[in-house]
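Just below is one structure, and these are the notes that go with it.
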Amino acid sequence: MFSNTKTSWPATLATRLTLWYTLLSTLSFVLVFVLAYALVATLLLRQVDDDLVEDIEEFNDSFIGFGLEGMWSQLQQEVTADGDQNLFFQLFDGQGVPLRRTSDSSWQGMPPVTDLVSRLQEDGPLLQALDLEQQEFQARTVYGFINSESGVYILQIAETLEERAEVLELVRGIFLVSLPLFMLASFTGGRFMARRSLSGVEEVTATAIDISNGAINRRVSESDRGEEIERLAATFNSMLDKIQVLIKGMREMTDNIAHDLKSPLASIRGIAETSLASRQVDPSIQQLAGSIIEECDRLLHLINTMLDLSEAEAGLSPQMEQLNLSALIRDACELYQVLANDSGIALQCRCDEDVFIDGNKQFLQRLIGNLLDNAIKYTPVGGEVSIEQMMSDEEVTINVQDSGAGIREEDIPRIFERFYRGDQSRSKPGTGLGLSLARAIVSAHLGSISVNNTLDGGSLFTVRLPLHAE
Ligand code: ADP
């Protein structure tokens, strides 16, 4: 599979989109929260200011109704009810000279107001923020005229902003709890959306992988996934259609050439055979005729293998039947025992249990034969070759192992290609078509074939085939 050589992180587009989505939505959440927080803080302060101005008006009414002492005793009651650390009153005469105040033990260090009288005359009630050492929270104060026929005074009311601070702290607490929950929700949502929107691309990739494994008929579904993905799927499918037409044309051409070559080759072979059998022919010509027959056989074998390969690649389903694979392997072992003995190789067959699959007998014989033939061919004298079968719930695995030199790492990805032969194998007879035919046969049986080098240096071919469905 693909590996990303650049050190960019994170690797998948889905993860990147998810992280971007989470980051942007979290930033928006924080921004909205900060704005909401500022709004709440301002509204609460305005509420306090309105209340303070209203209080000045109320106490003015009280001053008009009950006189200065009546109003002052009402103020004292308020201080007793709220606590002198929370509420403070101070009375000035009309010139701004302090006359009396409620307990100021918690209200020391009140800053003096310059031009108080003229500012009140010009602008009405004067509001100020207070940061006093003895107050745990910020406080707010208002100065305003109270007047009646009996005189003009200035009243200062100061109160702590504790309640506002508590509300704001609660809001901050809600933010701290909701932020991780929001991040989790947006990460999950982002992941879901990214995966959903990229599932079309995943499908194109999966189809491309299947096709590279031989399933040339696969196509991507063009279902409702958004215009971009649908266009990608449609383009990909039409490209595949064109490639398939081209491949089909090329195969037909090769098949036709192969067919057309068969009869002249058979005639040449026939002529060479006649020369070989004739007593009147010179011995050197007879030798030549022998070589011609050998070459013709090699070419005919090559042509037949190519035609078999085309047949297997076109699909073998019409010629499939339920068959005993183990019996087939045992027969092949018996047949190749002779070749193994001649080559000085010990051939072992471990497939006692009968296994049934749906398959094409003739082609499965070719498959087993090719693997055993290669194993014997590429293993030196004195070596060992074994074939064993193992069964699981849904498939049967056939392992063909040898103690030869194995396959070079750089050859492994290519040995199933048509006509590919490893460098070390050139001295051995062969066409380079055996393993491509093996792979085509396995694919036609909906199975898989793979190869590995074993620890002691030989090669191990593994074929997996689905069992006969009951
Ligand atoms: P060939 O006619 O060359 O044997 P194949 O298609 O059967 O063609 O095999 C392709 C190549 O794979 C061979 O040329 C050889 O390099 C390698 N090969 C196949 N089987 C074995 C094996 N059992 N041990 C080592 N190499 C092998």
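Keep in mind that the numbers below use all heavy atoms, side chains included, and drop hydrogens, waters and symmetry copies. This chain uses plain numbering: 1 for the first residue, then up along the sequence. Indexing begins at 1, ligand by ligand and atom by atom, following the structure's order.
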Looking only at protein heavy atoms, which one is nearest to atom 12 (O) of ligand 1, and how far off is it? Ile415 CG2, 3.3 Å
Considering only heavy atoms of Ser459, which atoms of ligand 1 have at least one such atom less than 4.0 Å away? 22 (C), 23 (N), 24 (N)
Are Phe356 and Leu467 close enough that some pair of their side-chain heavy atoms sits under 4.5 Å apart? no
Identify, for atom 5 (P) of ligand 1, the protein heavy atom at the shortest distance, and state residue, atom and that distance. Leu435 N, 3.6 Å
Main-chain N/O of Ala206 paired to Arg218 side chain as donor or acceptor, under 3.5 Å: no
Out of Arg439, Arg414, Arg421, Arg418, the nearest non-hydrogen contact to atom 3 (O) of ligand 1 is supplied by Arg421
For atom 8 (O) of ligand 1, grab the closest protein heavy atom and report residue, atom and distance to one decimal in Å. Gly432 CA, 3.2 Å
The atoms of ligand 1 lying under 4.0 Å from a heavy atom of Gly434, numbered in the order shown, are 5 (P), 6 (O), 7 (O)
When only distance counts, is Gly422 in polar contact with ligand 1, meaning an N/O pair under 3.5 Å? yes
With the side chain counted from C-beta on, respond yes when Ile329 and Leu325 share a heavy-atom pair under 4.5 Å apart, and no when they do not. yes
Would you say Glu395 and Ile357 make side-chain contact, with heavy atoms under 4.5 Å? no
Inspect the contact between Arg231 and Glu228 and indicate whether a charged nitrogen and a carboxylate oxygen are less than 4.0 angstrom apart. no
Please confirm whether Thr431 comes under 4.0 Å of ligand 1, counting heavy atoms of the residue only. yes
Check whether any heavy atom of Asn370 sits under 4.0 Å from an atom of ligand 1. no
Scan side-chain atoms only and decide if Gln389 and Ser326 contain a donor-acceptor pair under the 3.5 Å cut-off. yes
Above 12 or not: heavy atoms from other molecules or residues under 6.0 Å from CD of Gln108? yes
At the 4.0 Å heavy-atom cut-off, does Ala375 count as touching ligand 1? yes
Element-labelled atoms of ligand 1 that are located less than 4.0 Å from some non-hydrogen atom of Asp402: 22 (C), 23 (N), 24 (N)
For atom CD of Glu136, is the number of surrounding heavy atoms from other residues, nucleotides or ligands below 6.0 Å larger than 12? no
Backbone or side chain, does any N or O of Tyr378 fall under 3.5 Å from an N or O of ligand 1? yes
Where is the nearest protein heavy atom to atom 7 (O) of ligand 1: which residue, which atom, and how far? Asn374 ND2, 2.8 Å
Does Glu273 come within less than 4.0 Å of Arg269, counting only side-chain N to carboxylate O? yes
Gln134 atom CD, over 12 foreign heavy atoms within 6.0 Å: yes
Quick one: look up the protein heavy atom nearest atom 10 (C) of ligand 1 and list residue, atom name and how far away it is. Tyr420 O, 3.4 Å
With heavy atoms and a 4.0 Å threshold, my read on which part of Lys377 contacts ligand 1 is side chain
Among all protein heavy atoms in this structure, tell me which lies nearest to atom 26 (N) of ligand 1, with the distance rounded to 0.1 Å. Ile407 CG1, 3.4 Å
With nothing but distance in play, are any N or O atoms of Phe461 less than 3.5 Å from an N or O of ligand 1? no
Judging by distance only, is a nitrogen or oxygen of Pro429 under 3.5 angstrom from one on ligand 1? no
Against heavy atoms of Gly430, which atoms of ligand 1 measure under 4.0 Å? 2 (O)
Counting only heavy atoms closer than 4.0 Å, does ligand 1 sit against the backbone of Asp411, its side chain, both, or neither? neither
Starting from atom 15 (C) of ligand 1, which protein heavy atom do you reach first, and at what distance in Å? Ser425 OG, 3.1 Å
In this structure, are over 12 heavy atoms from other groups packed under 6.0 Å from Asp282 atom CG? yes
As a quick check of understanding, evaluate salt bridge (charged side-chain N to carboxylate O under 4.0 Å, His left out) for Asp354 and Arg330, giving each step before the final call. CA-CA 10 Å; Asp354 281 343; Arg330 287 193 291 267; 3.0 Å; yes
Does the residue Gly406 have a heavy-atom contact with ligand 1, meaning some pair of atoms that are separated by less than 4.0 Å? yes
Yes or no: does Phe416 have any heavy atom under 4.0 Å from an atom of ligand 1? no
Count the heavy atoms of every other residue, nucleotide or ligand shown that sit under 6.0 Å from CZ of Arg219, and state whether that count exceeds 12. yes
Is the number of heavy atoms from other residues, nucleotides or ligands under 6.0 Å of Phe137 CZ greater than 12? yes
